[in-house]
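Proteins get letters first, then strands, A, B, ... in listed order; numbering begins at 1 in each. Just so it is clear, the values below take in all heavy atoms, side chains as well, and ignore hydrogens, waters and symmetry mates.
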Protein chains: 2
Amino acid sequence: MANRSMFTKQAKVLRVLAHESRLMIVDRLSRGECSVGDLRDIIGGDLSTISKHLALLRAHGIVEDRRERTTVYYRLLTPCVSNFFTCATQVLKERSR
Amino acid sequence: MANRSMFTKQAKVLRVLAHESRLMIVDRLSRGECSVGDLRDIIGGDLSTISKHLALLRAHGIVEDRRERTTVYYRLLTPCVSNFFTCATQVLKERSR
DNA sequence: CTGCTACTTGACAGATAGGCCAAATAGAAA
DNA sequence: TTTCTATTTGGCCTATCTGTCAAGTAGCAG
């Protein structure tokens, strides 16, 4: 179970989530689906940048998109990614002691 | 609680763990302290590379070192990082459905 | 002091990642 | 068809990350 390719896969998942903007996206989507524009309003920066973060999350099976008229809505496919927030917070707390 | 600097900090923790070798180090240390040489035997590659991974983990308060004669032993300071393995595995499982 | 073992640090090259602008595309409306 | 809105994709440039080799350091033995 604890073989090398296992660690490689886990590292990839972590890598995808290890970014401020992508964490914000996941956090927002954990409270329900929303459009790319909505996410840009929260995160700021160029719309194309947000779109690329979403493409990365989608490529890793973490989010899914749905088009309605001209708007694209994204939603979380793996709600368990929210557990990473708990884990990360725990590490931050534990090391501050 | 869910402000920007919070996400930045969490992303940094994730970033540090988002590497195959560093995950292997954490996994090994979760089963007890060991030397840099021991870790190189598990991970392979240059000793200096292992040492740099350890320096990064140490800089982020995840591991601690202790010297005994000429050997340096590392140990996990935040055992809760092991939870990331559970989280990552869960995401891998969830998205494969 | 010299040498040996076990690491660490510095320098540097190659690989990745992140962000912005501009151009392309999809769907709906005029 | 042309236009408008919402989003994606392609370049491109800069910044950060990784790994390797070489040189430096720490502790101990001879």
Side-chain angles (χ1 to χ4, degrees), chain A residues 4-5 7-29 32-77, chain B residues 4-5 7-26 28-29 32-76:
Chain A
R4 215 184 191 94
S5 78
F7 289 117
T8 311
K9 283 178 197 157
Q10 294 184 329
K12 274 181 189 155
V13 172
L14 286 167
R15 189 74 198 71
V16 170
L17 295 169
H19 190 285
E20 184 190 333
S21 302
R22 292 193 291 268
L23 279 183
M24 290 176 83
I25 290 173
V26 166
D27 176 63
R28 173 59 190 81
L29 295 184
E33 70 166 22
C34 68
S35 73
V36 185
D38 292 340
L39 291 168
R40 193 235 2 242
D41 293 343
I42 297 169
I43 298 162
D46 202 284
L47 196 59
S48 71
T49 304
I50 309 289
S51 182
K52 280 180 183 171
H53 283 310
L54 287 165
L56 188 63
L57 290 167
R58 180 157 26 80
H60 287 265
I62 292 165
V63 302
E64 194 179 51
D65 63 326
R66 161 179 86 80
R67 182 179 273 270
E68 198 178 301
R69 291 166 178 274
T70 61
T71 306
V72 180
Y73 294 93
Y74 278 87
R75 67 189 187 78
L76 213 51
L77 268 183
Chain B
R4 218 185 187 93
S5 77
F7 289 117
T8 311
K9 283 178 198 160
Q10 294 184 327
K12 274 182 190 156
V13 172
L14 286 168
R15 187 73 198 72
V16 171
L17 295 169
H19 188 287
E20 184 191 330
S21 302
R22 291 192 292 266
L23 279 183
M24 290 177 82
I25 290 172
V26 167
R28 173 60 190 81
L29 295 184
E33 71 166 22
C34 68
S35 73
V36 185
D38 292 340
L39 291 167
R40 192 230 11 236
D41 293 343
I42 297 169
I43 299 162
D46 202 283
L47 195 60
S48 73
T49 304
I50 309 288
S51 183
K52 279 179 184 171
H53 284 310
L54 287 165
L56 188 64
L57 290 167
R58 180 159 23 81
H60 282 83
I62 291 165
V63 300
E64 191 179 53
D65 63 326
R66 160 180 87 78
R67 183 179 271 272
E68 198 179 299
R69 291 168 178 272
T70 60
T71 306
V72 179
Y73 293 94
Y74 277 86
R75 67 190 188 78
L76 214 51

Are B:Glu68 and B:Arg66 ion-paired here, with the side-chain N under 4.0 Å from a carboxylate O? yes
Heavy atoms only, 4.0 Å cut-off, all strands: where does A:Arg15 land among base, sugar-phosphate and nothing? sugar-phosphate
A:Leu56 atom CG is separated from D:dT7 atom C1', nearest whole Å, by 17 Å
Closest to the 5' end of DNA chain C, once A:Gly45 and B:Asp38 are matched to their nearest nucleotides, is B:Asp38
Here the distance between atom P of D:dT9 and atom CG of A:Leu47, to the nearest Å, is 12 Å
Mind checking whether B:Ile43 and A:Arg4 have side chains closer than 4.5 Å, heavy atoms only? yes
Within the pair A:His19 and D:dT16, is there a side-chain N or O less than 4.0 Å away from OP1 or OP2? no
Apply the side-chain contact (heavy atoms from CB on, under 4.5 Å) test between B:Tyr74 and each candidate in B:Ile25, B:Ile50, B:Leu54; give the one that qualifies. B:Leu54
Under 4.0 Å between any heavy atoms, over every strand shown, what does B:Tyr74 touch: base, sugar-phosphate, or nothing? Just pick one. sugar-phosphate
With sugar-phosphate meaning primed atoms plus P, OP1 and OP2, does A:Arg22 contact a base, only sugar-phosphate, or nothing at under 4.0 Å between heavy atoms? sugar-phosphate
Got a second to check how far B:Asp65's CG is from B:Leu57's CG, nearest 0.5 Å? 11.5 Å
Looking at every non-hydrogen atom in both residues, tell me the closest pair between B:Cys34 and B:Asp38 and how far apart they are. CB-OD2, 3.5 Å
Establish, with yes or no, whether the OP1 or OP2 oxygen of C:dG19 is under 4.0 angstrom from a side-chain nitrogen or oxygen of A:His53. yes
Sugar-phosphate atoms are those with a prime plus P, OP1 and OP2; base atoms are the rest. Using that split, label each nucleotide of nucleotides 21-30 of chain C B, S or - for protein heavy atoms under 4.0 Å, 5' to 3'. BB---SBSS-
D:dG19 P sits how many Å from B:Ile25 CD1, rounded? 10 Å
Mind checking whether A:Val36 and A:Arg40 have side chains closer than 4.5 Å, heavy atoms only? no
Considering only heavy atoms from C-beta outward, does the side chain of B:Leu56 approach that of B:His60 to under 4.5 Å? yes
Write down the distance between CG (A:Asp65) and P (D:dT8), rounded to a whole number of angstrom. 7 Å
How many Å lie between OH on A:Tyr73 and P on D:dT7, as a whole number? 8 Å
Whole Å only: how far is the CD1 atom of A:Ile43 from the C1' atom of C:dG18? 14 Å
Do the non-hydrogen side-chain atoms of A:Leu76 and A:Ile62 ever get within less than 4.5 Å of each other? yes
Rounded distance in Å - CG (B:Asp41) to C1' (C:dC7): 14 Å
Picking from C:dG19, C:dC7, D:dT7, which would you name as closest to the side chain of B:Thr71? C:dC7
Which whole-number value in Å describes the distance from B:Leu57 CG to D:dT18 P? 11 Å
Working to the nearest 0.5 Å, report the span between NZ of B:Lys12 and CD of A:Glu20. 9.0 Å
Nearest 0.5 Å, what's the CZ-CG distance between B:Arg15 and A:Leu17? 12.5 Å
Here the helical stems involving DNA chain D, each at least 3 consecutive Watson-Crick or G-U pairs closer than 3.5 Å, sorted by first residue number, are C:1-30 with D:1-30
